[in-house]
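Notes follow once the structure below has been shown.
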Protein chains: 2
Amino acid sequence: MTKIKESSTYNANREIVMQECPVTYVMSKIGGHWKPIILYHLLSGSKRYSEIKKAMPHITEKMLIQHLKQLENDSLLTREARPIVPPYVTYSLTESGRELELVINAMASWAFKDMKRNAA
Amino acid sequence: MTKIKESSTYNANREIVMQECPVTYVMSKIGGHWKPIILYHLLSGSKRYSEIKKAMPHITEKMLIQHLKQLENDSLLTREARPIVPPYVTYSLTESGRELELVINAMASWAFKDMKRNAA
DNA sequence: ACAAGTACTTACCCGAAAGTATGTATCATG
DNA sequence: CATGATACATACTTTCGGGTAAGTACTTGT
């Protein structure tokens with residue numbers, strides 16, 4: 001897990017902004033290149049680690065577990081490991097995570113509209 | 001304007017992801033600490049540069065104009081400068097920018113729900 | 001004995017985003 | 001003639017997210 005320095009303007013601003021800006025709050029949970037994609041793939045149901053990996057060929061393993069852990073910490077998904085070998089680990093969305101579908105849909109419909117507009 | 005190096009894995013991945021992920025598309029337009037706040041302040045109507053600045057005490061001038069220009073480039077707002085001195089410049093949302101209100105609302109309602117859930 | 005499969009972990013590096021500090025143009029006013 | 005107001009611009013530095021490459025643990029199959 002990457003350590004975070006506390007006393008920087010960067011983080012000070014981030015916190016200030018977080019408290020007043022729900023958009024930034026959401027970004028802090030699902031921002032970055034990979035999180036939305038992970039969530040998207042889990043919207044269709046629980047998946048094994050290796051299944052997610054297969055579904056996202058461009059992500060590195062480091063990034064994948066890093067984000068899976070962050071999403072787990074943020075209570076957007078849960079991890080279930082069966083104590084067998086080879087390991088069998090599944091990830092599923094929580095209530096909170098599933099509710100993001102509405103947000104994602106709102107973003108998607110704006111995005112498609114905007115892409116069309118800018119293409120014309 | 002910040003120059004962008006083309007041949008990096010980072011940007012390669014970014015482009016791959018952008019084409020398939022509307023969420024990332026939206027993020028590329030309104031991501032970062034400040035853009036959503038700027039948009040939020042403009043939702044209540046056109047504002048002068050100095051008014052926006054006053055409304056966002058923590059942002060530096062560099063960040064403010066940088067993001068205003070990016071938002072203008074992305075056609076989310078328009079800039080109107082009256083040729084007088086001292087300068088009088090106003091910023092207003094475009095159609096595209098105003099349509100983001102729906103997205104912002106979806107995000108906000110999820111954020112508040114999630115904040116409450118995590119506080120309990 | 002050794003490779004293969006699964007789900008990670010760790011050390012190191014690089015580039016983009018954000019922040020700091022200072023400078024610029026124009027004119028009105030004291 | 002110098003100060004203030006407005007809306008920027010630019011050089012430099014720090015911070016953080018992301019990427020590369022390699023290693024780990026445990027067991028089954030050959």
Side-chain angles (χ1 to χ4, degrees), chain A residues 1-18 24 27-38 47-72 79-91, chain B residues 1-18 24 27-38 47-72 79-91:
Chain A
M1 221 63 29
T2 32
K3 9 169 181 167
I4 292 165
K5 214 180 174 186
E6 292 302 336
S7 58
S8 66
T9 310
Y10 184 91
N11 279 299
N13 274 337
R14 166 188 274 216
E15 277 191 29
I16 287 159
V17 156
M18 197 101 88
T24 305
M27 299 289 200
S28 75
K29 306 273 177 184
I30 68 167
H33 287 9
W34 302 113
K35 280 181 191 165
I37 324 261
I38 295 173
K47 294 224 162 37
R48 285 189 70 175
Y49 174 83
S50 53
E51 289 181 293
I52 304 175
K53 216 178 79 174
K54 230 169 267 176
M56 304 174 59
H58 298 294
I59 197 173
T60 63
E61 297 194 50
K62 180 198 164 192
M63 282 296 112
L64 183 52
I65 38 128
Q66 191 179 105
H67 288 126
L68 284 170
K69 298 217 158 168
Q70 284 174 18
L71 291 167
E72 196 192 354
R79 194 190 99 113
E80 191 200 351
R82 292 181 210 164
I84 58 170
V85 78
Y88 194 101
V89 181
T90 51
Y91 292 91
Chain B
M1 215 89 1
T2 32
K3 14 176 176 165
I4 293 166
K5 215 182 172 184
E6 292 303 336
S7 57
S8 64
T9 310
Y10 184 90
N11 278 300
N13 273 337
R14 166 187 271 212
E15 277 191 28
I16 287 158
V17 155
M18 194 101 89
T24 305
M27 299 290 201
S28 76
K29 305 273 175 186
I30 69 170
H33 288 11
W34 302 114
K35 279 183 191 163
I37 326 261
I38 295 172
K47 294 222 162 35
R48 283 189 70 175
Y49 175 83
S50 54
E51 289 181 290
I52 305 175
K53 215 179 81 174
K54 230 171 265 174
M56 304 174 60
H58 299 293
I59 198 175
T60 63
E61 298 195 50
K62 181 199 164 191
M63 282 296 113
L64 183 51
I65 37 128
Q66 190 178 108
H67 287 128
L68 284 171
K69 298 219 158 170
Q70 284 175 18
L71 290 167
E72 197 193 352
R79 193 189 98 112
E80 190 201 352
R82 291 180 209 166
I84 59 171
V85 78
Y88 194 101
V89 180
T90 50
Y91 292 91

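Numbered from 1 within each chain, the chains take letters A, B, ... in sequence-line order.
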What's the spacing between [X] [atom1] and [Y] [atom2] if we round to 0.5 Å?
| X | Y | atom1 | atom2 | value |
| --- | --- | --- | --- | --- |
| H67(A) | K62(A) | NE2 | NZ | 9.5 Å |
| M27(B) | K35(A) | CE | NZ | 9.0 Å |
| R48(B) | K54(B) | CZ | NZ | 8.5 Å |

Measuring to OP1 and OP2 of [N], would you say a side-chain N or O of [X] lies under 4.0 angstrom away?
| X | N | answer |
| --- | --- | --- |
| H67(B) | dA17(C) | no |
| K69(A) | dT9(C) | yes |
| R82(B) | dT26(C) | no |
| Y91(A) | dC8(C) | yes |
| R48(B) | dA7(D) | yes |

Just how far, in rounded Å, is [atom2] of [N] from [atom1] of [X]?
| X | N | atom1 | atom2 | answer |
| --- | --- | --- | --- | --- |
| M27(A) | dA18(C) | CE | C1' | 16 Å |
| Q66(A) | dC12(C) | CD | P | 17 Å |
| I84(B) | dA5(D) | CD1 | P | 16 Å |
| Y88(A) | dT28(D) | OH | C1' | 18 Å |
| E51(B) | dC8(D) | CD | P | 14 Å |
| L64(A) | dG18(D) | CG | P | 13 Å |
| K47(A) | dT6(C) | NZ | C1' | 18 Å |
| K53(A) | dT9(C) | NZ | C1' | 14 Å |

For this session: Kindly determine whether Q70(A) and W34(A) satisfy side chain to side chain contact (heavy atoms under 4.5 Å, CB included), including the steps that lead there.
Result: CA-CA 11 Å; Q70(A) 284 174 18; W34(A) 302 113; over 6 Å; no
For this session: Compare every heavy atom of P36(A) with every heavy atom of G32(A), then report the nearest pair and how far apart it is.
Result: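 Distance-wise, the nearest heavy atoms are O-CD, 3.6 Å.
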For this session: Select from S50(B) and V85(A) the residue whose nearest nucleotide in DNA chain D is closer to the 5' end of that strand.
Result: S50(B)
Problem set entry | L68(A) and R79(A), any side-chain heavy atoms less than 4.5 Å apart | no
Exercise. Any side-chain heavy atom of I59(A) sitting closer than 4.5 Å to one from H33(A)?
Worked result: no
Any N/O pairs under 3.5 Å between the protein and nucleotides 19-22 of chain C? List them or say none.
from    : atom 1 : to     : atom 2 : distance (Å)
dG19(C) : OP1    : N13(A) : ND2    : 2.6
dG19(C) : OP2    : W34(B) : NE1    : 3.1
dG19(C) : O3'    : T9(A)  : OG1    : 3.4
dG19(C) : N7     : K62(B) : NZ     : 3.0
dG19(C) : O6     : K62(B) : NZ     : 2.1
dT20(C) : OP1    : T9(A)  : OG1    : 2.8

Exercise. To the side chain of P86(A), which of dC27(C), dT6(C), dC8(D) is closest?
Worked result: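 Taking heavy atoms from C-beta onward, the closest nucleotide is dT6(C).
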